[in-house]
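Down below is the structure, laid out as structure tokens.
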Amino acid sequence: MLDSILSQCLIEALQQMYGLQLVENDISLQKTRKEFTGDFTVAVFPFVRASKKSPEITAAEIGEFVKANLAEVVEFNVIKGFLNLEISKSYWLNFLNSHQQEIDFGFAKTEETEVVMIEYSSPNTNKPLHLGHVRNNLLGWSVAQILKANGKKVVKVNLVNDRGIHICKSMLAWQKWGNGETPQSSGLKGDHLVGKYYVLFNSYYLAEVNEMLTKGIEKEVAEKQATLMLAAQEMLRKWEAKDLATIQLWETMNAWVYEGFDQTYRRMGIDFDKTYYESSTYLSGKSIVEKGVVEGKLQRKADQSVWADLTAEGLDEKLLLRSDGTSVYMTQDLGTAQLRHDEFNAHQMIYVVGNEQNYHFDVLKLILQKLGYNWAGSIHHLSYGMVELPAGKMKSREGTVVDADDLIDEMEKTAFEKALELGKIDDFESEEAKQLYAVIAMGALKYFILKVDPQKNMLFNPSESIDFNGHTGPFIQYTHARIKSLIKKASDDICPIAAHIEILTKEKDIIRLLHEYPSVIKIAGDNRSPALIANYAFELAKEYNAFYQEISILKETNDGLRNMRLLLSVFTANTLKSAMGLLGIEVPERM
RNA sequence: GGCCCCGUAGCUCAGUUGGAUAGAGCAACAGCCUUCUAAGCUGUGGGCCACUGGUUCGAAUCCAGUCGGGGUCACCA
């Protein structure tokens, strides 16, 4: 691309004139700010020591050199220590001509052999998905798409947490108070049905504990001795002992949940290449730990519990096997990590997990290193902040969660009302209209979540809900749809354009943005990449909209100009579509 | 208390890895539909980039400290 050609030329200039030995990374080429004329800017301050001249003179000298040696650079100007380089119109127009039909412009053309595994979603089977899961799912899916666009071989993995005391709680509550309710009998979505009983368990449990408190029993004791809790634990023991009735109930209720999850996943447009179930992996990892003990890398204490001593690394001791020999969360994760490494031989293993587990993953990596697995470094925790509500954190036990299905329903309803109000779907068939507001609702939701830096906690205000105007998914979808309709109306064939056409600043700004697109995609593996792409798409759409408003393309009498603008429109629409595709957002042909 | 993350307009967020006079959207106000789609466009107001010091040609960005907010330090997952 042009950037590296420019960099090379600058390196050449600095070498010849001032004897500086630089590599491409030393040159920070940035795009010229709108207030100044030019396309690319170099700050020359770092070179004045070598040039022994003022910044202004240094910049002018370099400018002369570049202008003389690069055909693409037609002019330059110097402001203070900033050298602004102006690129020829013909370069921009050629760029338009040669790339506008490429639907996957900027994508890696060949697939690498490197495998990247990415785990995301990883739900519990005792309650439906909520807004926090939505952030997780969207991030995971989007990062996977971006990695693919960069030519990686991506394996998308889901690890379902389908066992444990929390699952037993729902099962127990259903047994006690369910009266044989099924998704078929009540019409309730499976995951919601099971979630209902999880909440029910907690309210009865809370009531029981409170009653015990009034009898003067201490809180900690009450929480442990409540009959409901004891019953749940008993059920877990039965499950582990493979008691037939318990296993059957467990399978039945989990099947309900999976059906519900599948529906939600489908609606969100995400999927997986492979699904693991914790019920079949939770015992793994023990052998790794035992091996570590034998090799003296882990310590067994007098009560037979096994620990990793991480005090040398500035952390605490970490339990890996309980005194009764059973494994803990960390042990399982050690096991699954090895399992996956053996299975995929992945170059990188990405875990999309909330930032409350930052410490867990630090420890996981440290222990793997300690045990001598050289692939420990391939583990990457893609950590994201929590979604907060105006009232504070979401707590599933207290029912202060934003349910994923409810949220999507709500969004679709709003999209529908809005479309009706604006008269958007007057000439749509009812099926197409339905499709449209589903696409717009998901576009709004996905964009809302993906546009913010994953690292940061984000605030979701349900009452204000998610907007359809301004810096939103629908805005970009709208821009795309508008261009599509424009192209349709412009019945003539679009032909290549001559290099001597006039080109306005606004048009050049758009072309320059398009030119940037490949480098935007390439920032992958970076947690922020979905947010970067989202913000890029918005900038492009905004730029185009402003341009569109001011210029009539169809009425343009100059054929060359008209063609150029149509080409520009086609390229913009393609790029918007492809950028939104990386976020998992569909763009409608019309809206 | 130790460690980790965050603090930018009234609100929600960007800020291209250290560059020029800090940017959007929402909300408020004033305009623009006889044109290819107004889910749009144009304009106005709104800032001690939490605070203090340091590093240098140059800091919202890097370093140290302070203050606020969140997370985490389980024989839970």
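Model, not experiment: these values are computed from the prediction.
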Distance check: side-chain N/O of [X] vs OP1/OP2 of [N], anything under 4.0 Å?
X: A/Lys489; N: B/U35; result: no
X: A/Lys456; N: B/U12; result: no
X: A/Gln357; N: B/A77; result: no
X: A/Ser485; N: B/U37; result: yes
X: A/Arg482; N: B/A38; result: yes
X: A/Arg528; N: B/C13; result: no
X: A/Arg565; N: B/C36; result: no
X: A/Lys34; N: B/A20; result: no

Legend entry - A/Arg163 charged N/C atom sitting above A/Tyr282 aromatic ring, 6.0 Å / 45°: yes
Inset, instruction - Answer yes or no on whether A/Arg590 is positioned over the face of A/Phe428, meaning its NZ or CZ is under 6.0 Å from the six-membered ring centre and within 45° of the axis. - result: yes
[X] ring over [N] six-membered base ring, under 5.5 Å and 30°:
X: A/Phe82; N: B/G19; answer: no
X: A/Phe45; N: B/G19; answer: yes
X: A/Phe36; N: B/A20; answer: yes

Which one, [options], comes nearest to the side chain of [X]?
X: A/Phe538; options: B/C75, B/G25, B/G19; value: B/G25
X: A/Asp467; options: B/C26, B/A20, B/A77; value: B/C26
X: A/Ala43; options: B/U37, B/G19, B/C41; value: B/G19
X: A/Asn535; options: B/A38, B/A14, B/A20; value: B/A14
X: A/Met386; options: B/G71, B/U37, B/U21; value: B/G71
X: A/Asn469; options: B/C36, B/A39, B/G15; value: B/A39

Is any N or O donor-acceptor pair between the side chain of [X] and the base of [N] shorter than 3.5 Å?
X: A/Thr472; N: B/A39; value: no
X: A/Lys424; N: B/U37; value: yes
X: A/Asn84; N: B/A20; value: yes

Inset, instruction - Indicate yes or no: at least one non-hydrogen side-chain atom of A/Arg33 is less than 4.5 angstrom from one of A/Phe82. - result: no
Inset, instruction - Mind checking ring pair (Phe, Tyr, Trp, His ring centres under 6.0 Å) for A/Tyr277 and listing every partner two or more places apart, or none if nothing turns up? - result: A/Tyr258
Inset, instruction - Sort by first number and list every stem of RNA chain B: at least 3 consecutive Watson-Crick or G-U wobble pairs, both distances under 3.5 Å. - result: B:1-7 with B:67-73, B:10-13 with B:23-26, B:28-32 with B:40-44, B:50-54 with B:62-66
Distance, [atom1] atom - from [M] to [N], rounded to whole angstrom:
N: B/G25; M: B/G68; atom1: C1'; value: 27 Å
N: B/U72; M: B/A77; atom1: C1'; value: 15 Å
N: B/A50; M: B/C67; atom1: C1'; value: 8 Å
N: B/G69; M: B/C62; atom1: C1'; value: 23 Å
N: B/G54; M: B/G58; atom1: C1'; value: 15 Å
N: B/C26; M: B/C41; atom1: P; value: 8 Å
N: B/G19; M: B/A60; atom1: C1'; value: 13 Å

Inset, instruction - With heavy atoms under 4.0 Å as the rule, sort A/Ile551 into base, sugar-phosphate or nothing. - result: base
Legend entry - Atom-pair distance (NZ on A/Lys542; P on B/G23), nearest Å: 13 Å
Inset, instruction - Send over the distance from A/Leu513 CG to B/U16 P, rounded to a whole Å. - result: 15 Å
